[in-house]
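Notes for the one structure printed next.
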Amino acid sequence: MSELTSVECFVVVGDGDASALGTDRPVARYGELLAEESAEFAWPEIDERRPPAMCYTSGTTGNPKGVAYSHRSAFLHSFAALTGNALDLSERDRILMIVPMFHANAWGIPMRRSCVERHS
């Protein structure tokens, strides 16, 4: 842990023994951090066409280029990933994502579960 010089605090999930981290830096419990916060959140108004992410790639041409994704495109991409004919994933599947290797930052996969939960 001594090599992690820029880490100010560790956040751990669960009730396990945090001393196993072997650090002299502060350790916070995720559940306690959440409990300290208000349940209310003032959601900001964000234009759905504003970019939440950019990707830079050399693609198949070898020429570097950047692409900005919009909130709208990421959301619609997640709905496309919901269809059985697109990715054919179910609650029984497990996925190890290597995000830089996927189109659109693989956003359709993490958003997929939340869309299923909200709309089922």
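Partners of Arg29 by side-chain hydrogen bond (donor to acceptor under 3.5 Å, both in side chains), not counting sequence neighbours: none found. Partners of Val7 under the side chain to side chain contact (heavy atoms under 4.5 Å, CB included) rule, at least two apart in sequence or in another chain, are Leu4, Phe10, Arg25.
For residues 77-87, no pair satisfies salt bridge (charged side-chain N to carboxylate O under 4.0 Å, His left out), with sequence neighbours left out. Applying the side chain to side chain donor-acceptor pair (under 3.5 Å) rule to pairs touching residues 11-20 yields Asp17-Ser19, sequence neighbours excluded.
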Between side-chain atoms of residues 43-50 and protein atoms elsewhere (two or more places apart, or another chain), which donor-acceptor pairs fall under 3.5 Å?
| from | atom 1 | to | atom 2 | distance (Å) |
| --- | --- | --- | --- | --- |
| Asp47 | OD1 | Arg49 | N | 3.0 |
| Glu48 | OE2 | Arg72 | NH1 | 2.9 |

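By the 4.5 Å side-chain criterion applied to Ile, Leu, Val, Met, Phe, Trp and Tyr, Val11 is assigned to a cluster that also includes Val13, Tyr30, Leu33, Leu34.
Annotation for Ser70 and Pro52: closest pair C-CD, 3.5 Å, computed over non-hydrogen atoms.
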